[in-house]
Amino acid sequence: AGRHPDGWRTLDRNLKKGGNAGRGLFEVLFYLDFFKRIFHMMPCDTIVHSHILLAQDENRSILRDHSVAIKDGLICAIAPRTDIVGRYVPDREMETDLVLPGLVNAHAHAAMTFVRGYGDDMPLMDWLTTRIFPIEARLEPDITRLASLLGHAEMLSHGITACMDMYIFEDAVFDAARTAGLRLVGGEAVFAFSSAACRNYHEALEATRRLHERSSSRLRTALNPHSVYTTDSEILAACRRLALELDMPLHIHLAETADECALCEQRTGLRPVAYCQSLGLFDVPATIAHGVHLNKDEIAILADKNVCVAHNPSSNMKLASGIAPVPDMLAAGLDVGLGTDGPASNNQLNIFAEMRQAALLHKISDPTALPAQTVLDMATIHGAACLHWPELGRLRQGGPADLVGMNMRFPNLLPMHNPVSQLVYAAGGHECELTMVEGEVLFHKGKFGRFDIGGVIAETGELLDFVRGK
């Protein structure tokens, strides 16, 4: 009776036919059930009900009519809806069509929203030297903070709950992340030349040390040497030492273009992977961004050293960097996550777009390459590995309540034969209606939990004025 909404009323009508004795029995049963519920039900903060739940567990189960109970930022239970309703008393209940783990952006420069569309259709080195580096030379913290918050809003509205970031004025990027609420692993970009934020690499390393001292449950630090062609062996060795001292991962652009590989070999006598290995960079947890130009021996080295790779298919295509050998990397046991790179070379911060691009790009010669489930793994589990944050990327009891809710009733997602296929091949990201980190709702049906998006949009005129030199 207690499980059915009209159960007690039906039982009451039937028992009344038995007179006072029947009525007395009804009252006894009612209070027995009432007290049983009081003493056996547990409080929680939020329950999220779903028609389909993809926990990204070991079996990659597709769960129907399941709910997630959340308390103190952690998942209390994942179970059928009727079981959760019978065991937990929430402060809030939410409903969505499909729940999956929060998506992970394994490589980003979120602040570069301010140069979105500013330097399109150019080769990487020309783009960097004639467009990006000159304007970044006069960058300011306030511009970085505003542009980062705009980027974080874009990510949250597309189901991204965590990212690995590299930029200058990274303290301003962290400030924006605190405002937005998402998880972020970042550090000051390290160069052999001065930046608007730091006069030399020593200052960049000290900036990362200060960020490390301000880390929190959602903000972590990484050493961010930009690349082998913008640093030298002394700088990379210093990055390694600080990473070991502070127990931080290292994040670097590596083997992105054929020109980079040729230049590295010309300068050092070694290709980028061998050069980094010779300096001990892979003795610390490391993530390389791009890894487009890797041969089988280099992939074997990366696999032996447990190096993670952030695959950026859209950026690689836009800049004609090439096609990364992702199937070979995965076959070798590498964790390969998905990254957006920056909004200037993509031009989106949308992992749904990267899933589709990755799945299709690698099918050019083999339609069986990178099936949908593998790509979803890259956007979640492997992405978490790239951030060196293995608790993320899956939903499990006792784990972080970082999740996404999708409205699957858009025309492009119907009919629903296979939810994983729909997410990878058909979804655009606009179907995301709920983004939660540590049990906190940061985005829900167009509204952001921590900041006024209208105010941020109104300020974007300042970004245009800055780029135009006004």
Go through the steps to decide whether Asp328 and Lys296 satisfy the test salt bridge (charged side-chain N to carboxylate O under 4.0 Å, His left out), and finish with yes or no. CA-CA 8 Å; Asp328 292 339; Lys296 292 194 174 182; 5.2 Å; no
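- Heavy-atom neighbours of Asp452 CG from other residues, nucleotides or ligands within 6.0 Å: above the threshold of 12.
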For a side-chain contact (heavy atoms from CB on, under 4.5 Å) check, start with the C-alpha distance between Met164 and Thr287, then their side-chain angles and the critical distance, and finish with the verdict. CA-CA 10 Å; Met164 194 166 216; Thr287 296; 4.2 Å; yes
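- Classification of the His253-His226 ring pair by plane angle, with boundaries at 30° and 60°, yields tilted.
- In this structure, Arg145 forms no cation-pi arrangement with Phe169, as its terminal cationic atom is not both closer than 6.0 Å to the ring centre and no more than 45° off the ring axis.
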Determine, step by step, whether Asp57 and Ile78 satisfy the side-chain contact (heavy atoms from CB on, under 4.5 Å) criterion, reporting the C-alpha distance in whole Å, the side-chain angles of both residues, the deciding distance to 0.1 Å, and the verdict. CA-CA 11 Å; Asp57 58 7; Ile78 299 173; over 6 Å; no
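- Gln422 places a side-chain N or O within donor-acceptor distance of the main-chain N or O of Leu413, the cut-off being under 3.5 Å.
- In this structure, His430 has its ring center closer than 6.0 angstrom to the ring center of Phe410.
- When atom types are taken as modelled, the side chain of Ser215 and the backbone of Leu211 share no donor-acceptor pair closer than 3.5 angstrom.
- Formation of a donor-acceptor pair under 3.5 Å by the Asp402 side chain with backbone atoms of Glu438 is found in this model.
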Residue pair Glu154, Asn350: steps toward the side chain to side chain donor-acceptor pair (under 3.5 Å) verdict: CA-CA 8 Å; Glu154 182 180 356; Asn350 182 354; over 6 Å; no
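- Taking the six-membered ring where the residue is Trp, the centroids of His362 and His311 are separated by under 6.0 Å.
- Glu136 pairs by the side chain to side chain contact (heavy atoms under 4.5 Å, CB included) definition with Met112, Ile132, Phe133, Tyr167, Ile168, not counting sequence neighbours.
- Checking side-chain atoms of Arg183 against main-chain N and O of Leu219 turns up no donor-acceptor pair under 3.5 Å.
- Looking at every heavy atom in both residues, Ile351 comes nearest to Ala379 through CG2-CB, 3.7 Å.
- Although no hydrogens or angles enter the test, the distance criterion places no donor-acceptor pair under 3.5 Å between the side chain of Asp377 and the main chain of Val336.
- A donor atom on one side chain and an acceptor atom on the other are not found under 3.5 Å apart for Glu188 and Thr208.
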Begin from the C-alpha positions of Asn347 and Lys318 and carry the test side chain to side chain donor-acceptor pair (under 3.5 Å) through to its verdict. CA-CA 9 Å; Asn347 294 7; Lys318 186 169 187 255; 3.0 Å; yes
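- The side-chain hydrogen bond (donor to acceptor under 3.5 Å, both in side chains) test with Thr96 singles out one residue from His49, His444, Glu433, and that residue is Glu433.
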Glu391 vs Arg396, salt bridge (charged side-chain N to carboxylate O under 4.0 Å, His left out): CA-CA, chis, key distance, verdict: CA-CA 9 Å; Glu391 302 91 337; Arg396 60 177 180 82; over 6 Å; no
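- Closest of all the heavy-atom pairs between Asp341 and Leu349 is O-CD2, 3.8 Å.
- Scanning both residues, Lys363 and Ala369, for their nearest heavy atoms gives NZ-O, 2.7 Å.
- Here the side chain of Asp126 pairs no donor or acceptor atom with the backbone of Met122 at under 3.5 angstrom.
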Walk me through whether Arg92 and Asp45 qualify under salt bridge (charged side-chain N to carboxylate O under 4.0 Å, His left out). CA-CA 6 Å; Arg92 170 179 54 187; Asp45 300 325; over 6 Å; no
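- A ring-centre distance under 6.0 Å is found for His107 and His290.
- Closest of all the heavy-atom pairs between Tyr425 and Leu370 is OH-O, 4.1 Å.
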Carefully, step by step, assess Phe114 and Leu146 under the rule side-chain contact (heavy atoms from CB on, under 4.5 Å). CA-CA 9 Å; Phe114 79 100; Leu146 173 59; over 6 Å; no
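- The main-chain N or O of Gly429 is found under 3.5 Å from a side-chain atom of Glu431 such that the two form a donor-acceptor pair.
- A donor-acceptor pair under 3.5 Å is formed between the side chain of Asp366 and the backbone N or O of Thr368.
- Using a distance-only test at 3.5 Å, with no hydrogens or angles considered, a donor-acceptor pair links the side chain of His66 to the main chain of Arg64.
- Closest of all the heavy-atom pairs between Ala147 and Ala111 is CB-O, 3.0 Å.
- Contact between Asp165 and Glu170 at its shortest, heavy atoms only, is OD2-OE2, 2.9 Å.
- For Ser314 (side chain) and Asn346 (main-chain N/O), no donor-acceptor pair under 3.5 Å exists by modelled atom type.
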